[in-house]
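Have a look at the structure below before the remarks.
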Amino acid sequence: MQFTINDRPVEVEVDLRTSLLDLLRENLGLTGSKKGCNQGACGACTVLVEGERINSCLALAVQYQGRSITTVEGLSDAEGLHPLQRAFIEHDGFQCGYCTPGQLCSAVAMADEMARGIPSHVTGDLTAETIALDHDELRERMSGNLCRCGAYNGIVAAIAETYASAPARQEEAA
Amino acid sequence: MTPFSYARADDVPGAIALAVATPDAKYLGGGTNLVDLMRETIERPAALVDVTGLSREITVGADGGVVIGAGVTNTALAADRTIRTHYPMLSRAILAGASAQIRNVATVGGNLLQRTRCGYFYDDAARCNKREPGAGCDAIDGFNRIHAILGASPSCVATHPSDMCVALAALDAQVRVAGPDGERTIALVDLHRLPGGSPERDTVLDPGELVVAVELPALPFAAHSTYRKVRDRASYAFALISVAAGIELENGAIKDVRIALGGVAHKPWRAFKAEAALRGQAPSEANVRAAAELELADAAGLRDNGFKIELAKRAIVATLAELSGEQA
Ligand SMILES: Cc1cc2nc3c(=O)[nH]c(=O)nc-3n(C[C@H](O)[C@H](O)[C@H](O)COP(=O)(O)OP(=O)(O)OC[C@H]3O[C@@H](n4cnc5c(N)ncnc54)[C@H](O)[C@@H]3O)c2cc1C
Ligand code: SF4
Ligand code: FES
Ligand code: FES
């Protein structure tokens, strides 16, 4: 099977039953993406496929042959950490860090969804041309990523600082 | 997982040919439900026919109706401008379900045909007629808080978990399918079955039948519609009860109305009785409550889910109050 992973071409032979998450972790040694629940319920395995976030545990690797996949390892570049990664450090956006790779990938794609005007469950006016990333929008849009340590205050603050059009109200986060 | 073969279909006839060629083949959409069930060996297809490359378009007809390809993702459908403007209950129903990660991958076809979330269905060690016909049903006397209050049978009390389907039921959607014996169109409200004595069959589809598209008839007043979902947490949880509703008022009376319920039955539940009772009536709380009582008259609770009967009635009242308040 062939893929482009973090901008590099990869060719690998694996059993058809291999999930995309196991391919990354077990076959390619990219252990940044985490296996929390292995059933779509936690978001720790979130990766980007052509920039869109998906749960790699619910995907067979074979479904994504030929596609371009970005993992947390691919977020930083020669210039150093991604701005969102720096914000996570600054705002204590993690405790044990297990959910962090998924949170980071998820938030990067979320910002792109905002830019494309994709609505969410809490969007008041579905016909609006643009949607502001306020506190409620941010929390709803990140609800596919759980944090067992409950580092949500820091996570929300870091994402808000990096992407929000309106400052998040930190005291309500949790 | 048990071993399987994998092939990508290029077109509808090709997909059907591939599916018919191997016994126990299954179509694969985004895989967000099927891959999970295969890992648990609840589903053991011998072949997967990936149909995500087919029918990815949303087309608006001259009459205002919309044809949605089965391969359209949940995110793309919810974000579509026509759907947001003319069928907001559908956008809202989809956005109330799962997470962004899952909606990005999940397809319309897969959402229609996703399996129940009954915990015993997922648990190999439990008895489940849906998984193993004749085995018995551990949910009937077990943990059944999320189970059905309408249309259940002594064989199975599971619910259909989709939010999207509840809106489609309210919108009179039609499902276009193709199979070895040709094409046919099935009303969405007739696609899913009540369990009766054969809960192993979720739908009326025959083996090898492929969902090709979903058609929404033009329904101008659906521009004034919404979806309300009641669940255990504010996001990322299946519905305990949900209501998709649209209403058209004229001279202070209900000219037309659509109501469907989720979380109550083995299929998305179109509230035909409540709708009939409400046409021509004022949208008062008393009238809506009476209609809801009528719809839920046959509802039956199990050990843990009796609260859903009253919850469903209140959710109908609240949803219609919201809609008629906006329109007044
Ligand atoms: C953690 C979690 C939370 C969720 N929460 C919600 C929720 O709140 N509300 C909700 O509605 N859903 C929820 N879902 C379910 C989700 O919506 C479904 O998994 C998804 O819609 C399935 O789509 P898919 O394309 O991935 O289907 P797949 O997993 O690919 O397929 C599902 C079934 O459909 C069949 N199939 C697929 N496409 C076709 C076709 N074109 N023709 C014939 N058969 C086909 C497959 O053979 C399979 O049996 C949740 C899922 C998870 C994992
Ligand atoms: S309710 Fe249906 S799905 Fe659940 S255990 Fe009983 S038979 Fe199986
Ligand atoms: S490991 Fe994939 S969602 Fe939890
Ligand atoms: S930091 Fe520990 S799970 Fe989120």
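In this text the structure is predicted, and so the values were computed from the model without any measurement. Residue numbering restarts at 1 for every chain, and letters A, B, ... go by the order of the sequence lines.
Residue A:Y98 places its OH atom among more than 12 non-hydrogen atoms of other residues, nucleotides or ligands, all under 6.0 Å distant. Other residues, nucleotides and ligands place more than 12 heavy atoms under 6.0 Å from the CZ atom of B:R81. Around CG of A:D125, the count of heavy atoms belonging to other residues, nucleotides or ligands within 6.0 Å exceeds 12. With a 6.0 Å radius and a threshold of 12 heavy atoms from other residues, nucleotides or ligands, A:Q65 has its CD atom above the threshold.
In this structure, the portion of B:L28 lying under 4.5 Å from any heavy atom of chain A is its side chain and not its backbone. Using a 4.5 Å cut-off between heavy atoms, B:A96 touches chain A through backbone and side chain atoms alike. If you measure heavy-atom distances from A:N38 to chain B, the contacts under 4.5 Å come from both the backbone and the side chain. Contact annotation for A:E113: only side-chain heavy atoms (C-beta onward) come within less than 4.5 Å of a heavy atom of chain B. For a residue to count as touching a neighbouring chain, one of its non-hydrogen atoms must lie under 4.5 Å from one of that chain's; by this rule B:L48 touches chain A with the side chain only. The contact between B:F4 and chain A is made by backbone and side chain atoms together, counting heavy-atom distances below 4.5 Å. Neither the backbone nor the side chain of B:A76 comes within contact range of chain A; no heavy atoms are under 4.5 Å apart. With a threshold of 4.5 angstrom between heavy atoms, A:T127 approaches chain B through its backbone and through its side chain. Of the atoms belonging to B:D50, it is side-chain heavy atoms, and not backbone ones, that fall under 4.5 Å from chain A.
A donor-acceptor pair shorter than 3.5 Å cannot be found between the side chains of B:H224 and B:E248. B:Q101 and A:T46 form a side-chain donor-acceptor contact under 3.5 Å, judged by distance and modelled atom types alone. Using a 3.5 Å distance cut-off with no hydrogens or angles, the side chains of B:T52 and A:Q63 do not pair a donor with an acceptor. Residues A:R25 and A:T31 bring no donor and acceptor atom of their side chains to less than 3.5 Å of each other. Side-chain atoms of A:D22 and A:N27 form no donor-acceptor pair, as typed in the model, at a separation below 3.5 Å. Checked by atom type, the side-chain pair B:S225/B:Y87 shows no donor-acceptor distance below 3.5 Å.
Per-residue heavy-atom pair counts under 4.5 Å with chain B were compared for A:L16, A:I118, A:T123, and the maximum is reached by A:L16. For the set A:P119, A:G40, A:S143, the entry with the most heavy-atom pairs within less than 4.5 Å of chain B is A:P119. Ranking B:G31, B:S235, B:A79 against chain A, the residue ahead of the rest is B:S235, based on heavy-atom pairs under 4.5 Å. Interface remark: of the candidates A:C57, A:S19, A:A59, A:C57 forms the most heavy-atom pairs closer than 4.5 Å to chain B. Highest contact tally toward chain A, considering only B:M1, B:E40, B:R39, B:K229, is held by B:R39 [criterion: heavy-atom pairs under 4.5 Å]. The most heavy-atom pairs under 4.5 Å with chain A, out of B:V105, B:T2, B:V35, come from B:V35. Per-residue counts of heavy-atom pairs under 4.5 Å with chain A were compared for B:R84, B:R233, B:R8; the largest is that of B:R84. Comparing A:L146, A:D15, A:N145, A:I54 by how many heavy-atom pairs each has under 4.5 Å with chain B, the most go to A:I54. The most heavy-atom pairs under 4.5 Å with chain B, out of A:R141, A:M142, A:E129, come from A:E129. For the options A:R53, A:Q39, A:R116, heavy-atom pairs under 4.5 Å to chain B are most numerous at A:R53.
Of all residues spanning residues 67-90 of chain A, none has a heavy atom less than 4.5 Å away from chain B's heavy atoms.
Between the CG atom in B:N74 and the CG atom in B:N104 there is a gap of 9.5 Å [rounded to 0.5 Å].
For the pair B:D24 and B:R44, the minimum side-chain heavy-atom distance is 4.5 Å or more. B:Y27 has its side chain within reach of B:I16: a pair of non-hydrogen atoms, C-beta onward, lies under 4.5 Å apart.
Salt bridge status for B:R145 with B:D232: present, with a side-chain N to carboxylate O gap under 4.0 Å.
Under the salt bridge (Lys or Arg N to Asp or Glu O under 4.0 Å) criterion, the residue pairs touching residues 98-116 of chain B are B:E43-B:R115, B:R115-B:D202, with sequence neighbours excluded.
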